[in-house]
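Written below as structure tokens is the structure these notes are about.
We use all heavy atoms of the structure for the numbers below, so side chains are in, but hydrogens, waters and symmetry mates are not. First listed ligand is number 1; within each ligand, the first listed atom is number 1.
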Amino acid sequence: MRILVIEDDELVASGLKQGLSQAGFTVDLAGSAEAAAESLRDGAFDLAVVDIGLPQSDGLTLIRHLRARGNTLPVLVLTARGSLEEMVSGLDVGADDYLAKPFQLAELCARLRALLRRSHARGDNCLRHNGLTLDINRQQASLNGTSLDLTRREWALLEALLLASPNVLSKERLMQTLAGWDKELTGNAVEVYVSRLRGKLAAGGIDIRTVRGIGYRIDAAAG
Ligand code: CA
């Protein structure tokens, strides 16, 4: 899942990027509300973590503008310690949750997973498709009851396909989910990952269909 972290403090931002990446998220950073607004325009993120205290335009203004445009992206705001006012303002302008600094990474991860669960109207932290289950908390995949060994990128790819299901996931979106902005990832590389993943899923009767000119969709394998 791809997260945009909007935080001007470089030390905090890089710590968040490292911690959230280890927890299985793809993370991109924006250092200002202006940069974030630009990045959020194409809808390539599943979630945003917004620090309220930003240079120039602040986090609250950013969220207000997002919501005014009809953008329903799940947003968690980071507030100053003990600031009831920031917390209330954050929720009032349209944030879905908040966390006061300083916080433990484990709590942030749990809150982000809860937000994603709610935004996809799921009751638990598992993504399922026929016999396939991705347990997001444990980062474990299984197919018809047997544990499935996936690399980080295979996991990210499968997760993105399951979140998009039954819709087709565009190849461009898939590339963004896999790489973030800071790594070069070609369309050919995506095809290689898809092909490896197909190999691992085939025995369980699950296929990744290529929808020509658009992208991929997870599906039952043809009989
Ligand atoms: Ca700040």
Run through the protein N/O/S atoms less than 3.0 Å from the Ca ion (ligand 1) and write them out by chain and number.
Asp8 OD1, Asp51 OD2, Gly53 O

Any salt bridge linking Lys101 with Glu86? Criterion: basic side-chain nitrogen under 4.0 Å from a carboxylate oxygen.
no

Test: Asp96 and Arg117 ion pair at under 4.0 Å:
no

Hey, is the main chain of Leu116 close enough, under 3.5 Å, to the side chain of Ser119 for a donor-acceptor pair?
yes

Is the closest basic N to carboxylate O distance between Arg64 and Asp58 below 4.0 Å?
no

CG on Leu47 to CZ on Arg113, rounded to 0.5 Å
12.0 Å

Please check this pair: side chain of Glu154 against backbone of Thr151, looking for a donor-acceptor N/O pair closer than 3.5 Å.
yes

